[in-house]
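Each remark here refers to the structure printed beneath this line.
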Amino acid sequence: MSETAVKAPGVPDANRWKALAFIAIAQLMVVLDATIVNIAMPSAQQDLGISDGNRQWIVTAYALAFGGLLLFGGRIADLWGRKRAFVAGLGGFAAASALGGAATNEAMMFGARALQGAFGALLAPAALSLLAVMFTDAKERAKAFGIYGAIAGGGGAVGLILGGFLTEYLDWRWTFFVNIPFAVVAAAGAYFVIREPEGGRNRSSLDIPGVILSTLGLVSLVYGFTRAESDGWSDSLTVGMFVASAVLLAAFVIVESRVKAPLLPLRVITERNRGGVYLSLGLAIIAMFGLFLFLTYYLQVVKGYSPVKTGFAFLPMIAGMITGSTQIGARLMTRVAPRLLMGPGFLVAALGMLLLTRLEIGSSYAALLLPAMLLLGLGMGTAFMPAMSLATLGVEPRDAGVASAMVNTSQQVGGAIGTALLNTIAASATTSYIKDHIAGATSRPQQQLVQLEGMVEGYTSAIWFAVGILFAAAVIALTLVNAGKPDMGTVTGASAEDAVPVPVVAH
């Protein structure tokens, strides 16, 4: 590592705001990829001759590798150093994206997606932990995490717009190639600008049993939910995956409580504030992922929007998230306790979701969808910002990578659960509605109308569940998260391993 790669502990890095720009570009690339490929899937499936039964692996291969390897990736960042892990993750992600864009058959595509997930699992925790150790002043931390939170929340919707443009006007392959310039700019900037604080490495030996158990346990969990969506909850393999996941993750917890240098020190998740953040954030993501899916289908299938128009329809949500994160969350975070931002934020988002339960075939975009998406964006942006900051606040520098990985893990698992659970609820309600009403439809147009009404009935049924899930997230945030507002100063630990300053939190 070069002489400029590290800085003395306790001294703010002069380049930290430049570093934030490159970290933000990398985070945007990872979040974009979660939705941008969804828009391109139909075209890619047709070009590569992928069957309907196998097409889910374009998403599943990425989700399994990303979700399964996140804790391992976070630990590698603590071991190697976050800057090195960050640059390596970007390089690998760019190479995997090039492979996906050049894919000539389904095996090449699925392999590229799994590689993207693996390098994403190294990149994402390294990015968040770099922020955690570089921004230690309370006010600066609030601004930095406000920007990061806005990208984490709104990037998915940006992906829908960009995916629509690239697929409609260029080619589906560009939804992969577009990652390469993002990665090159972020990696070059990080190499020359980021100076990681000294004393934050975790040089303990790698917990191999923990790596194996956590990876297999998380892969089983994510695959169980993915399979439930396509094959049903009572499918024998689905049930087997959930049972295997429960056994593996229970064994992981037992191992982590006994080994000398655990992959995931239990102190990271047992602290009530961090535990409350991981849980409430995971629940909120469950609600959000289902909504992205339903609104995309509603706008394209029911309302007949093009992919590009659909992407633009999500702009109010992005604007709300950016406003909530940078103007509300960041400004109030140093003045009020985090739970007073997270709880009300999730409740405002739940109110926006509640509006969408009134969705009908002829619903007006301006009268219903626009205000609902604004409320959702404002609420989520306001809640995400303190959640992202609190998830790594007060954690020892040597654990910053794995604590950051837990944030991403709760989001990834939440996304898998949200897509499977809410999709199942929607499909069941749709089937029931069509069964009850199709007999009265005698002509072809009437039958098509019943089909569309059934789809909307399914969406609104699932959205009611999403409202409840967001309400539960608010309750958890208000009851478990008890940290006070951050003090304006910073505090440094007495030992070398605790030398990086962290904001004082009053309880």
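Values below: all heavy atoms of this structure, side chains included; hydrogens, waters and symmetry mates excluded.
Between Leu378 and Thr382 the shortest heavy-atom distance is O-OG1, 2.7 Å. The two atoms that bring Ala121 and Ala65 nearest to each other are CB-O, 4.3 Å, heavy atoms only. Closest non-hydrogen pair, Leu70 versus Ala405, comes out as O-CB, 3.3 Å. Contact detail for Ala96 and Leu115: the closest heavy-atom pair is CB-CB, 3.7 Å. In plain terms, the two heavy atoms of Met342 and Pro386 that are nearest each other are CG-CG, 3.8 Å. Between Ala473 and Ala284, the closest heavy-atom pair is CB-N, 4.3 Å.
Under the salt bridge (charged side-chain N to carboxylate O under 4.0 Å, His left out) criterion, the residue pairs touching residues 110-128 are Asp33-Arg113, with sequence neighbours excluded. Under the salt bridge (charged side-chain N to carboxylate O under 4.0 Å, His left out) criterion, no residue pair touches residues 337-349, with sequence neighbours excluded.
Judged by distance alone, the side chain of Asn482 and the main-chain N or O of Asn273 form no donor-acceptor pair under 3.5 Å. At distances below 3.5 Å, at least one donor-acceptor pair connects side-chain atoms of Ser97 with backbone N or O atoms of Phe93. A donor-acceptor contact shorter than 3.5 Å links the side chain of Ser214 to the backbone of Val211. For the pair Ser245 (side chain) and Met241 (backbone), a donor-acceptor distance under 3.5 Å is absent. When atom types are taken as modelled, the side chain of Arg272 and the backbone of Thr479 share a donor-acceptor pair closer than 3.5 angstrom.
Side-chain contact between Leu71 and Phe252 is present, with heavy atoms from C-beta onward closer than 4.5 Å. Residues Ile425 and Leu422 form a side-chain contact, since some pair of their non-hydrogen atoms from C-beta on lies under 4.5 Å apart. The shortest distance between side-chain heavy atoms of Ile208 and Ile212 falls below 4.5 Å. In this structure the side chain of Tyr278 never reaches within 4.5 angstrom of the side chain of Ile476, judged on heavy atoms. When side chains are defined from C-beta on, Glu256 counts as touching Asp207, because their heavy atoms get closer than 4.5 Å. The closest side-chain heavy-atom distance from Val222 to Phe66 is not below 4.5 Å. Annotation: side chain of Met109 is in contact with side chain of Phe176 (closest heavy-atom distance under 4.5 Å). Side-chain contact between Gln116 and Asn179 is present, with at least one heavy-atom pair separated by less than 4.5 Å.
Once rounded to the nearest 0.5 Å, the distance linking CE of Met380 with CD1 of Ile285 reads 6.5 Å. Here the straight-line distance linking atom CD1 of Ile194 with atom CD1 of Ile23 works out to 4.5 Å at 0.5 Å rounding. Atom CG of residue Leu123 and atom CG of residue Leu128 lie 11.0 Å apart, to the nearest 0.5 angstrom. In this structure, OH on Tyr191 lies 10.5 Å from CZ on Arg84, to the nearest 0.5 angstrom. Distance check, rounded to the nearest 0.5 Å: OG1 of Thr215 to CG of Leu64 gives 11.5 Å. A distance of 10.5 Å separates CD1 of Ile25 from CE of Met29, quoted to the nearest 0.5 Å.
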Problem set entry | side chain to side chain contact (heavy atoms under 4.5 Å, CB included) assessment of Arg274 paired with Met406 | CA-CA 9 Å; Arg274 284 193 292 272; Met406 274 303 300; over 6 Å; no
Exercise. Under the side chain to side chain contact (heavy atoms under 4.5 Å, CB included) criterion, do Phe225 and Leu221 qualify, and how do the steps go?
Worked result: CA-CA 7 Å; Phe225 280 110; Leu221 183 63; 3.7 Å; yes
For this session: Let me see the working for Met288 and Met317 under side chain to side chain contact (heavy atoms under 4.5 Å, CB included), right down to the final yes or no.
Result: CA-CA 11 Å; Met288 284 298 288; Met317 191 185 293; 3.8 Å; yes
For this session: Determine, step by step, whether Phe294 and Asn423 satisfy the side chain to side chain contact (heavy atoms under 4.5 Å, CB included) criterion, reporting the C-alpha distance in whole Å, the side-chain angles of both residues, the deciding distance to 0.1 Å, and the verdict.
Result: CA-CA 8 Å; Phe294 297 143; Asn423 225 10; 3.8 Å; yes
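A search for side-chain contact (heavy atoms from CB on, under 4.5 Å) contacts involving Val348 returns Leu375, not counting sequence neighbours. Legend: residues meeting side-chain contact (heavy atoms from CB on, under 4.5 Å) with Phe110, ordered by chain and number and at least two apart, are Ile50, Asn54, Trp57, Ile58, Glu106. Here Ala472 pairs with Leu283 under the side-chain contact (heavy atoms from CB on, under 4.5 Å) rule; sequence neighbours left out.
Relative ring orientation between Trp233 and Phe242 is described as parallel, the plane-to-plane angle staying below 30° on a 0-90° scale split at 30° and 60°.
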Could you pull out every donor-acceptor pair under 3.5 Å between side chains of residues 181-190 and any protein atom, sequence neighbours left out?
none

